[in-house]
K.L.:
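After the structure tokens below, expect a handful of questions from me.
Just so you know, ligand 1 is whichever comes first in the structure, and atom 1 is the first atom listed for that ligand. Numbers here are sequence positions counted from 1. A quick note: this is a predicted structure, and the numbers were derived from the prediction, not measured. Hydrogens, waters and symmetry mates play no part in the numbers below; they use all other heavy atoms, side chains included.
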Amino acid sequence: LQLYLRVLIIFRHVLPVPMYHNDYNIWSVLKNCIGKELSKITMPVVFNEPLSFLQRMAEYMEYSHLLRLASEQEDPILRMQYVIGFAVSALASNWERLGKPFNPLLGETYELERKEFKIICEQVSHHPPVSAFHAENGDWVFHGSIHPKLKFWGKSVEIQPKGVVTVEFPKLKEAYTWTNVQCCVHNIIVGKLWMEQVGNMEITSFSSGHKAHLTFKQAGGNSKDLHRVEGYIADKSKQKLFFVYGKWTEFIKCADYHSYEECLKDNNSKLTLGNAKNKSPNDSPSHTSRKVLQKLNSLKVGSFKSNSTSESLDDPSGDIGDNSVPKSDSTYSIDVPNAIKIWTANPRPAQSSDYYQFTEFAMSLNELEAGMENSLCPTDSRLRPDIRKLEQGDIDGAAIEKTRLEEKQRDANKHRKSKKTSEWTPRWFHQGINPYNKQEDWLYNGNYWKRQYTDPDIF
Ligand code: CLR
């Protein structure tokens, strides 16, 4: 009955008020910060979206039914296919999401319980910022930690989500690990901001020995590869068994490798499998900064002006404002017959562009559901006043609260330092070694859902 009731719960589909479309240029904030550690830069709240990074991490779970499907497969290859689907689908909600989530406060938590899973996230370190999460549903466990490293190159920001993620199927005694790829935000100076996920992702299965090698491609000049993901599954002896292709924004398909090769021959296709194109040497930071500085000498940048000036500021060499890139085609140049679709992205809700480009799932994450006030841990992101104010459209109020919370956090920090003996210890995670890949990790202590909270006052 409980399960039945939970299926019936309807979560909100939209935020209380539409977003304030800001007219500020991000460059006017960041131009003084080239080379700085971005996590230390305070940005005006108009660049934020009304979610904490912990809530953003919970968005990995939108397609967690794929983990259930994986756990139901007896064939390890089919299992791997669903795990690949899950790993790629976890990134789909990032498409066009250019608002900055709030930095979680030290000790902040976020819980979410849905039909397919429950997840607990905790901010376990402030400098460097590290967020840990643990999700489960009985048949699978999904956990990891993310330490986003932001690098500012001038015209773009590169974000490396350092940290391992692990999927375990305890009943099958099987586990998989991978690391998320880099995220790159373009057109910081002029043009329309856009984002891509780029790099290689290697998913290792520890008992079967299978490995998936996926490449998230760089869009490149003609945008042919925009958002494309391609790769293969190989067995222990490195024999390629399956070809994997799609877009992290749309779908993932799998075909047996032989069919793919046949198809390639038939098509004398342009499609190539391999590493993402290397960065052009022109992309080196020093080159970019020089270009940027040259450009700035001839421009009046920094007047709080919106993107509308991009035309006049456009760089004919394409070196600074490469706003030509996102012209996504939704067709694929090769489609292998008999390929199986593992995952398809949910369409964005109609009002998404007035609501920070949120998915329907994201719209529900900061909702205070009925009865929650009584059970929620007092450090839960939903109780953060600055995020709540932004969600309600009170930008000035949000800014005031954000400053207050950050000061409170600083004071608590100073206080702890002055007492020397009392270091901060996270309540639900501890540092340890990942049993599978033997790397440093944050491991869950299993206690959150007992709901016996010793709550530090962080809000
Ligand atoms: C991408 C998927 C990774 C985890 C991850 C870490 C940091 C996130 C990033 C994701 C998406 C983009 C992100 C970033 C932190 C800041 C950045 C939200 C979720 C936004 C777009 C802010 C950019 C602001 C600059 C333009 C200054 O697995």
K.L.:
Looking only at non-hydrogen atoms, which of I159, L193, V165, N180 approaches atom 16 (C) of ligand 1 most closely?
P.N.:
I159

K.L.:
Can you confirm whether more than 12 heavy atoms, excluding those of K149, are under 6.0 Å from its NZ atom?
P.N.:
no

K.L.:
Below 4.0 Å from any atom of ligand 1, is there a heavy atom belonging to E59?
P.N.:
no

K.L.:
Got more than 12 heavy atoms from elsewhere within 6.0 Å of NZ, K162?
P.N.:
no

K.L.:
Check the orientation of Y444 and F429. Use parallel for under 30°, tilted for 30 to 60°, and perpendicular for over 60°.
P.N.:
tilted

K.L.:
Give the numbers and elements of all ligand 1 atoms closer than 4.0 Å to a heavy atom of R56.
P.N.:
11 (C), 18 (C)

K.L.:
Answer yes or no for F152: is there a heavy-atom contact with ligand 1 below 4.0 Å?
P.N.:
no

K.L.:
Mark up the atoms of ligand 1 that fall under 4.0 Å of a heavy atom belonging to P101, in ascending order.
P.N.:
18 (C)

K.L.:
Give me the ring orientation class for H186 and W194: parallel if the planes are under 30° apart, tilted from 30 to 60°, perpendicular past 60°.
P.N.:
parallel

K.L.:
Of the side chain and backbone of M195, name the one, both, or neither that has a heavy atom under 4.0 Å from an atom of ligand 1.
P.N.:
side chain

K.L.:
Minimum distance, heavy atoms only, to atom 24 (C) of ligand 1: which one of V185, V157, L30, I26 is it?
P.N.:
I26

K.L.:
Please identify which of these residues, R388, Q55, E108, meets the side chain to side chain donor-acceptor pair (under 3.5 Å) condition with S381.
P.N.:
E108

K.L.:
May I ask whether F47 places a heavy atom under 4.0 Å from ligand 1?
P.N.:
no

K.L.:
Atoms of ligand 1 less than 4.0 Å from I188 heavy atoms?
P.N.:
26 (C)

K.L.:
Can a donor-acceptor pair be found between the side chains of R427 and T379 at a distance below 3.5 Å?
P.N.:
yes

K.L.:
Which one of I203, V83, L241 satisfies the side chain to side chain contact (heavy atoms under 4.5 Å, CB included) criterion with H210?
P.N.:
L241

K.L.:
Mind checking whether Y24 and F47 have parallel, tilted or perpendicular rings, split at 30° and 60°?
P.N.:
tilted

K.L.:
Can you tell me if G99 has a non-hydrogen atom under 4.0 Å from ligand 1?
P.N.:
yes

K.L.:
Can you name the atoms of ligand 1, numbered from 1 with element, that are less than 4.0 Å from a heavy atom of Y60?
P.N.:
3 (C), 4 (C), 28 (O)

K.L.:
Describe, in one word, how the ring planes of F251 and Y245 are oriented to each other, choosing from parallel (under 30°), tilted (30 to 60°) and perpendicular (over 60°).
P.N.:
perpendicular

K.L.:
Kindly confirm or rule out an N or O of R97 lying under 3.5 angstrom from an N or O of ligand 1.
P.N.:
no

K.L.:
What are the atoms of ligand 1, with element, lying closer than 4.0 Å to any heavy atom of L91?
P.N.:
2 (C), 28 (O)

